[in-house]
Amino acid sequence: MRAVRYWLLKSEPDVFSFDDLLRAPRRTTVWGGVRNYQARNYLRDELQVGDGVLFYHSSTDPSGVAGVARVVRAGYPDPTQFDADDPGHDAGSKHEAPRWFAVNVRAEQELAELVSLERLRAEPRLAGMGVLRRGNRLSVQPVTPAEWKLVLALGGLS
DNA sequence: GCCAACGTTGGC
DNA sequence: GCCAACGTTGGC
């Protein structure tokens, strides 16, 4: 069995916050609507059940990691691509060859303290994190086990 | 296949 | 609101 991996998933809290996830039925949501091929590849091929998720709040003040979640369903075709009324509708995507994928994630624990972007930047051992790179836009990013552990510690989780 | 125009993301 | 980064689109 493959080792657990770790990921950072971005969400705009005005749209869907970690708090929303905590309040969702079974504290679980479909993580979809992603229309970027690199992120799609991660969702389709890499995220597996049991993988850890850093839930990152973007486009807010302060931005940062708000909580920890877990992948509870691996990649499957994102239903919104087939929904003509959905903003993520993709007329070019066929059921037999879906273009876009989603996973399900379940909230595990809110960080005692939000780990802000500023705080992440201040930690030299986190300098390699994708979310710190200028111009970074990828909404699904891999995180190393060491980064995962450190972010949780900064957030007040042991 | 090149590349300019355009749209989106997201920090500041 | 600004603008850098960068993915996508479409003319050629």
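As the structure is a prediction and not an experimental result, all values here were calculated from the model. In what follows, every chain begins at residue 1, and chains take the letters A, B, ... in the order their sequences are listed.
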Check ion pair A:Glu96-A:Lys94 (N to O, under 4.0 angstrom): no
Between A:Asp51 (side chain only) and A:Gln48 (backbone N and O only), is there a donor and an acceptor less than 3.5 Å apart? yes
With distance as the sole test, does A:Asp20 use its side chain to make a donor-acceptor pair with the main-chain N or O of A:Ser17 at under 3.5 Å? yes
Considering the terminal five base pairs at each end of the helix from B:dG1-C:dC12 to B:dC12-C:dG1, what angle separates the two local helix axes, rounded to 10°? 10°
Does a sphere of radius 6.0 Å around CZ in A:Arg26 hold more than 12 heavy atoms from other residues, nucleotides or ligands, not counting ones at 6.0 Å or beyond? no
Evaluate whether atom CZ of A:Arg99 has more than 12 neighbouring non-hydrogen atoms of other residues, nucleotides or ligands under 6.0 angstrom away. yes
Whole-Å distance between C:dA5 C1' and A:Gln141 CD? 14 Å
CZ of A:Arg134 versus P of B:dC12: gap in Å, rounded? 10 Å
What nucleic acid atoms does [X] come within less than 4.0 Å of, heavy atoms only: base, sugar-phosphate, or nothing?
X	value
A:Asp61	nothing
A:Arg35	nothing
A:Ser139	nothing

Of the nucleotides B:dC12, C:dG7, B:dG10, which has the atom closest to the A:Asn36 side chain? C:dG7
If you check the A:Glu12 side chain, which of C:dC6, B:dC12, B:dG10 turns out closest? B:dG10
Hey, does the side chain of [X] come within less than 4.0 Å of [N]'s phosphate (OP1/OP2), counting only N and O?
X	N	result
A:Arg137	C:dC6	no
A:Arg133	C:dA4	no
A:Lys10	B:dT9	no

Go through residues 92-105 of chain A and report each residue with a non-hydrogen atom lying under 4.0 Å from DNA chain B, sorted by number. none
Compare every heavy atom of A:Gln81 with every heavy atom of A:Ser93, then report the nearest pair and how far apart it is. OG-OE1, 2.7 Å
